[in-house]
Protein chains: 4
Amino acid sequence: MAETTINRAYFSGLLQSVADRGRALVRVKRAEPLGVEALLGLAVKLLRGRGEASGAATASAILGGYAALGPRERRAWLVGAATRFGPDFEALAAAARAFLEAPDDAKAAELSDRAEPTRQELIRRLNHAPGGTLALVRMREDILDATREDAPLHALDRDFLHLFASWFNRGFLVLRRIDWSTPANILEKIIRYEAVHAISGWEELRRRLEPPDRRLYAFFHPALDDEPLIFVEVALTTAIPVAIQPLLASERTPLAPAAATTAVFYSISNAQRGLQGVSFGNFLIKQVVEDLRREWPRLQNFVTLSPAPGFAAWLARQRADETSSLLSHEARRALAFTDHAGWSTKAAAAEAVARAIPPLAAHYYLHARTPSGRVLDPVARFHLGNGARLERLNPRGDLSNTGLDQSLGLMVNYLYDLDHIEENHESYANRGEIAASPAVRKLAPSPGSVVARKKKGA
Amino acid sequence: MAETTINRAYFSGLLQSVADRGRALVRVKRAEPLGVEALLGLAVKLLRGRGEASGAATASAILGGYAALGPRERRAWLVGAATRFGPDFEALAAAARAFLEAPDDAKAAELSDRAEPTRQELIRRLNHAPGGTLALVRMREDILDATREDAPLHALDRDFLHLFASWFNRGFLVLRRIDWSTPANILEKIIRYEAVHAISGWEELRRRLEPPDRRLYAFFHPALDDEPLIFVEVALTTAIPVAIQPLLASERTPLAPAAATTAVFYSISNAQRGLQGVSFGNFLIKQVVEDLRREWPRLQNFVTLSPAPGFAAWLARQRADETSSLLSHEARRALAFTDHAGWSTKAAAAEAVARAIPPLAAHYYLHARTPSGRVLDPVARFHLGNGARLERLNPRGDLSNTGLDQSLGLMVNYLYDLDHIEENHESYANRGEIAASPAVRKLAPSPGSVVARKKKGA
Amino acid sequence: MAETTINRAYFSGLLQSVADRGRALVRVKRAEPLGVEALLGLAVKLLRGRGEASGAATASAILGGYAALGPRERRAWLVGAATRFGPDFEALAAAARAFLEAPDDAKAAELSDRAEPTRQELIRRLNHAPGGTLALVRMREDILDATREDAPLHALDRDFLHLFASWFNRGFLVLRRIDWSTPANILEKIIRYEAVHAISGWEELRRRLEPPDRRLYAFFHPALDDEPLIFVEVALTTAIPVAIQPLLASERTPLAPAAATTAVFYSISNAQRGLQGVSFGNFLIKQVVEDLRREWPRLQNFVTLSPAPGFAAWLARQRADETSSLLSHEARRALAFTDHAGWSTKAAAAEAVARAIPPLAAHYYLHARTPSGRVLDPVARFHLGNGARLERLNPRGDLSNTGLDQSLGLMVNYLYDLDHIEENHESYANRGEIAASPAVRKLAPSPGSVVARKKKGA
Amino acid sequence: MAETTINRAYFSGLLQSVADRGRALVRVKRAEPLGVEALLGLAVKLLRGRGEASGAATASAILGGYAALGPRERRAWLVGAATRFGPDFEALAAAARAFLEAPDDAKAAELSDRAEPTRQELIRRLNHAPGGTLALVRMREDILDATREDAPLHALDRDFLHLFASWFNRGFLVLRRIDWSTPANILEKIIRYEAVHAISGWEELRRRLEPPDRRLYAFFHPALDDEPLIFVEVALTTAIPVAIQPLLASERTPLAPAAATTAVFYSISNAQRGLQGVSFGNFLIKQVVEDLRREWPRLQNFVTLSPAPGFAAWLARQRADETSSLLSHEARRALAFTDHAGWSTKAAAAEAVARAIPPLAAHYYLHARTPSGRVLDPVARFHLGNGARLERLNPRGDLSNTGLDQSLGLMVNYLYDLDHIEENHESYANRGEIAASPAVRKLAPSPGSVVARKKKGA
């Protein structure tokens, strides 16, 4: 019988009240809805008070009133808040001059104080409302939608991001395993938020949670109790997988976890658009690697099975560039198959494409760069930046329509080797060097020369 | 039978992992202790990385290493961190000039970025360590101790305070009732941290927790699980109390809470010195007022029974000023009794003093001010600033040695009337007007004139 | 903010270990399965020991081994246990003779001891296994299936029932509300076990849980943690409902609970066949009535909307009895419509049937009896036995195929009026009197005479 | 970071409602107390109903009323319940005759039914009251106190014990570790209930809970939430200890648990007198052995350090028997020292006694028996019956006054070797053979002969 230390139980109740506060917001009823100006007036009032007297109630009224606005009014309120609660330019200018005259720590501090826009204090005080944190995360979704059009919102967005990065510090995040006995209201969010390999319904969800060789972990924040922030899906296997469909097959014989040697991270999804720019994925993967390793010491490999979202587009550009020496005659012929629907189901075509892709993919990852010198593939940037190594290229990794569209079926494995993560990360961050397995490296051996040649040709 | 919604139970486990992370720090073992320079080197490393790769481990090593240092080395490390990780003065100057040239939102934002010292990022990354938040709160205790001597630490202290104010936002605090079935390791902290009316041991603690007419509430933060931040002790009574000793008497017949009309806040204690400057008390009192009112609708009065810590010293100054017209001949004679030890136990002397004090106390609260115009009494500043009203002066409120020393026995009641809190607060904050009951006001009726006269006399 | 007393949190961890023990059983692996005789041998061993030394392990081995048997072997094991571990007839006979000779308390006690079959001790010791309770509940399902054929199993079944009635004493049951944030593995059991109005899937389940005017409550037992024992579904409404379909409609505007006057128990399902004969429903309804009343003081009516499972069959018998004077000519004509499929969708037929049914239904409930004198309808027996009153007859209550088949659409409301429950129950239990509303009573006014006449006719 | 499966959290709330029910009982207020006869009348009513209608309320009234009675009235009520609610002698006699005529399973079952006294049903229904289980455990304390004088209560006590043995089946017990963060109201019960080595106060309690080499485990029952049933105190050491005082010393350097090789059970206390006769200790020790072994695989020895409560008395009888050949001349001389107070502090005396005791103690344990053939020492009966082996005799094990009084300082170690527990238990249970280490056995080599000789001499 597992015996639990009693002190654990004590804290287990702590979050209950946070949750209650969160739900309380929903119950606030307004006799008549407030307009944009009234709500901006409340913001002034909220900022003016010492903040405590009736602060939480005022904050609730603002957030509740905002939620009841239509999209246009919301935007008006946001623009109003962005423009009216900026820093005091005069005071800031005075502080700037004082610092320039005789720079020292105290004057820098004064400058920092003056440079902080009132908006940040507004956001902090709005957070006093029960359920305020969630309401603010939702508000930032509106801001992100609107920033393209309303320039002043960029400043407001910056303030939100600044505070969210502070509030959602990794030290405050809690890792939880999600399984088939997790509350349904959380599970339905997993279904909704899964962004990589869509979950069609409850039965498919169960297949990703219940078998003993499947795991799903999420980060939570105490103030956002039933909202996962980010989650990762894991399969325990006996080998590094080359394709996603067998992993997700509805008829599978599950593996006994004790027999597994490999943990595969086959899907990572951010669940809160309003927290865009606050980075969790890196912490999540590493925490899960550590936890799995402790639970199943036999596990040796920690790899992803990842999409290659930019590959097909890049390849199309290469094919369109008739001068490109990157594509051999044979490769061009093979790729021509892919112009015809259904190619992947025809053995010969599929075979030819699968042969053609690996060296091209190796080039795509190892040598192709954006004009500013960045790796092209966003998924690669994430994992390489985390210190993972590009381990293997799987030309028939994802034969779904999405997979064929974005990468002609290519999926790749990134390897998380805790012993080399740090040096990989440093080499990548400081010198742009890409960690790759010898096998991958061999496929695109003369990067310099190829690229050089190509450049000459251009 | 109380029935519980099941979803509550889910979140109740959330904090467990936070707690585990906290305890994990303790277990970190160091082969050999690191010195000040090595630990500053680790800080450089922590800041250099993208922060995630080995960040939490590095942060742990720094915090563990710091905890193992002696006081002198700790101070050296803090000064090192304060001076080496300040803002980049050149970049800041450039941003200042750019802003002054053509002030706009974007340049103000850039200025804000440049003005933020690297120290803040260091603190944020140290918080990634398991148990980091508590370690940082403890570290700030060291800083507070050292700021008197080491000027550079003021800047570092400012950075800590800035982040703590953000992290300990009221929206993240959790109110818990503490009672006789609270874990012992938390109860012993209540004994230790009680700052107003000392708790002599477990039996006295029980008397403050277990009777049905006694309550103790505390704020907790999810990342500091078994550390109360602030707590308030409450007695339920049938009248506004005039003295503390009967409330704390060891032999009492408890009152049935349903019969109570009055809730008395007789002690408020901050429990974390490292959070000095982050204000919780105001939120705590108002939350407890709301909760009590919901639980016991019969409760009508919410008052404090508070010390008057500056009164005796102020009175001594009045007595020393022979020209002061504030003290009548009779009052001077009565106060002369207090120069003799044991005066409070002699009926005639005690009686005379008790008669002399109220008008003087009324003057002390209503009209006396610091040179900068603030109310003299720190406890009064706190409650008046919260919007409470000075309700009654109790000349025999606290006959303990401490009470006699600091206020000749005076205690006062502040009244929290939720309907007037806001206007009281605003009048006080904006116009310096002090909310007081008519009875108190009548005791010092002609403030202007008295003060005016006195000023003329000077 | 709801504030929780901290002591609650403590016990919240208690059941965790019970749950762990329960799951542990599943993990027990057997190198090779044991046969029936070997498992009966283990039972002897389990009974012989003082029971503690290796008791839990032996019990686990038996329960695990039993679970691995096929149906035929299971039955053989059960018969073996039933016949080999009965009481000692000789000792029992001796005790019986001793008691008959000189009856006294001590001899009665001795007789009681001797009469208890060893089987009960076997069951008690099997319960020592982790997860034993659930395994025993499952084992009783097998027994119930087999009792029809294997007479000796009746005795064994009696022993199980005796112990279950003791273990599942109402004092040990826990009422929990089930809602949309309940763990999915419990929710799927609700879907599976709903016996009255089938739940088609997760979306329909959500409609019964999530709207504010819908509730679902279940009893749990600490040792069967994620297995509901019985549950009831409740709708909050503004009137006593006359039909089930509108209650279950997929498109509904939910009612604000504070506006409701009526709580409708529209489905009660036993979830554990293995606990057949241990009665929970009565406790459940009354507990829920009390809890709802406390939560929503405006609620005035607590009624069921219940099926009439025996009505169609009884009516068919009446129609077949051509001499029955119960059926008027008009009624016979109306009922003739029901012989044709689709009658309920034809206005005239439906109308005629709906007019004909109420007086017949009133007779069915008020006067019809089994040969042994019991009320015919099993649902009526349950609610009347609980002290409810037959409130209203709804001829178009359930127009689903099931509803038409079993009762020509009839549903009835039983009223739980806490003020009269006890006297209703006593009248029914002691004198067979049926509590019915005046309206129902008026529909079948002369029971005696009608029945009398019919009897004469027979 | 420890990651928790979410489903655990769900059940963690289950017990809360049980706890609430328990506390509810306390709040029941009676306008005027009921007398003995009225309370017996309520019992009749409780038994008459189908038990559900108003059952829980009636049960509450009885238990609340009983608790308000004085000792004499309580006894009267108990005797009334014992005598009025016995079995129906006539019906029982009829069943007995029927069985004797033609014994079969069904008739035995009928006999069993009739032999069960109504008292058991009364107790079962009383348990329906919120908090009923605890009230019944307290009621049995009264019964135990009274049985010496009131013979009819023996039957009632038997009924309580029968039901308690069923309700407190080991399958329903939960093991919890008690530590310094356990709720204070539970800790104070540990202080109060410790029966072997008294705990003087909170500081001593802390010394038994907080150091990493100290553990305290207790069994709880879900319906008795904050009442431990039995608890055991454990010290982790590097050797089998020879004396208790060093273990309990207030100044000790704690051992790192990972360095420990031995777990010492140095105190086992039953906490509920009302559960006398329901055996938990055996289960507790074995569960703790298993849990410790899993947590600290290095642990090799699981031993007790136990008192020898009957030794001094037995030895006094041997000394009084001048014909006893058991005591050598030398031994008699050494034991004569013990007739003088303070002997244990005099080196020569203490030395002589310590030399004399072991062979006598070996005889006491291995060969001395009660007239009915049982081992004399009750602690020995408990551990030997559990399958432990008598490992070592420590003549200077407990030099406290209690220790000197009851055993001249002797303490013994019993060894729990899981590999031999079962065979030890069986040998002891079936053949009365005592498992003892070779060292102990060598000290009393010729049991037969000694005893034989002694018998001849008698």
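Lettering of chains follows the sequences in order, A, B, ..., and the numbering in each one begins at 1.
Of the two parts of D113(B), the backbone and the side chain both hold a non-hydrogen atom closer than 4.5 Å to a non-hydrogen atom of chain A. In this structure, chain B has heavy atoms under 4.5 Å from both the backbone and the side chain of L92(A). Heavy atoms closer than 4.5 Å to chain B are found nowhere in R114(A), neither backbone nor side chain. Both the backbone and the side chain of F89(B) have a heavy atom closer than 4.5 Å to some heavy atom of chain A. Neither the backbone nor the side chain of H154(A) comes within contact range of chain B; no heavy atoms are under 4.5 Å apart. Proximity to chain B (any heavy atom under 4.5 Å) is restricted, for T133(A), to the side chain, taken from C-beta onward.
Under the 4.0 Å criterion applied to side-chain N and carboxylate O atoms, E426(B) and K45(A) are not assigned as salt-bridge partners. Ionic pairing of D105(B) and R158(A) is not present here: no N-O contact between side-chain nitrogen and carboxylate oxygen is shorter than 4.0 angstrom.
Taking 4.5 Å as the limit, some side-chain heavy atom of E116(A) sits within range of a side-chain heavy atom of H162(B).
With chain A as partner, the option from G387(B), A109(B), A184(B) having the largest number of non-hydrogen pairs under 4.5 angstrom is A109(B). Across S112(A), A106(A), P87(A), A165(A), the residue that shares the most heavy-atom pairs under 4.5 angstrom with chain B is S112(A). For chain B, the option among L418(A), T83(A), D104(A) with the highest count of heavy-atom pairs below 4.5 Å is D104(A). When A155(A), A108(A), P152(A), S166(A) are compared by the number of non-hydrogen pairs under 4.5 Å with chain B, S166(A) comes out ahead.
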Assess the residue pair F172(B) and H128(A) against the criterion (ring pair (Phe, Tyr, Trp, His ring centres under 6.0 Å)); give the C-alpha distance rounded to whole Å, side-chain angles, the decisive distance to 0.1 Å, and a yes or no. CA-CA 8 Å; F172(B) 303 134; H128(A) 294 183; 9.6 Å; no
